[in-house]
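Notes to accompany the following structure.
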Amino acid sequence: MGGTFDPVHYGHLLAAESVKEKLNLDCIFFIPAGNPPHKSYEGMASPIHRYNMVDCAVRPNPSFRISDIEVKREGYSYTIDTVNQLSTILPKGCKAYFVLGADNAGDILRWKDALELIKRIDFLVVTRPGGWENGLKEELNILSNAGCNIDVVEIPMIPITSTEIRDRVKSRRSIRYMVPECVEQYIYENRLYT
Ligand code: ATP
Ligand code: MG
């Protein structure tokens with residue numbers, strides 16, 4: 001599961017747990033993006049802060065892992081590079097999926113080396129509140145026609161976004177129960193998003 005994770009929240013964690021359970025997967029790797037090419041805004045936390053927050057959030061779950069391959073890489077974080085790198089590490093016979101939310105599914109064909117990427121890995125799209133389901137069917141058709149192996153996994157709808165959490169911190173509103181306690185503490189201790 002890739003993402004900016006700025007910060008990681010319970011929507012990410014429940015999505016990961018639900019996918020893991022529904023598909024009977026062994027583990028979920030959270031891969032915080034180092035320098036995401038399609039995303040930039042003022043006040044983005046540094047890669048190391050975003051990494052540290054994911055690290056403490058996934059720690060209590062023995063099936064969750066964190067990977068530093070994107071935060072360690074110089075330059076932009078491209079999924080094709082990540083998938084190529086992961087395939088050299090994964091034990092033989094292991095199958096990997098790239099997990100992403102419904103809001104990002106329509107972007108895949110715009111990612112770097114998309115046609116190569118969709119040959120190399122299968123995708124799991126988790127449902128997410130925000131009216132994405134309307135356009136999703138058509139996007140899935142386009143992706144399938146391009147040769148992409150992609151499935152939708154229905155998960156409980158959690159209307160939490162990192163954007164809202166950053167806004168809440170900025171305006172001194174509560175983020176309790178939206179993120180794990182260790183993430184909340186980390187944000188305040190390091191004065192993120194203020
Ligand atoms: P931002 O508001 O900064 O875009 P975000 O909440 O969308 O943050 P990302 O780091 O962009 O978080 O998300 C990483 C991945 O997790 C994306 O593929 C996204 O679609 C998915 N995701 C994020 N939040 C949820 C959620 N509440 N339910 C399901 N999927 C989610
Ligand atoms: Mg997002």
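Indexing begins at 1, ligand by ligand and atom by atom, following the structure's order.
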Side chain to side chain donor-acceptor pair (under 3.5 Å) with Asp113: which residues, sequence neighbours excluded?
none

Is Asp107 salt-bridged to Arg110, cutoff N-O under 4.0 Å?
yes

Can you tell me which residues line ligand 1 if we count any heavy atom under 4.0 angstrom from one of its atoms, in chain and number order?
Met1, Gly2, Gly3, Thr4, Phe5, His9, Gly11, His12, Lys39, Leu100, Gly101, Asp103, Asn104, Val126, Thr127, Arg128, Ile158, Ile160, Thr161, Ser162, Thr163, Arg166

Those residues that, when tested against Glu17, pass side chain to side chain donor-acceptor pair (under 3.5 Å) (two or more places apart):
Asn61

So, does Thr194 use its side chain to make a donor-acceptor pair with the main chain of Lys170 at under 3.5 Å?
no

Please set out all donor-acceptor pairs under 3.5 angstrom arising from side-chain atoms of residues 7-16, sequence neighbours excluded.
unit_1 : atom_1 : unit_2 : atom_2 : d
His9   : ND1    : Gly11  : N      : 2.9
His9   : ND1    : His12  : N      : 3.4
His9   : NE2    : His12  : NE2    : 3.4
His12  : ND1    : His9   : N      : 3.0

Any donor and acceptor pair, going by atom type alone, linking the side chain of Lys22 with main-chain N or O of Glu154 inside 3.5 Å?
yes

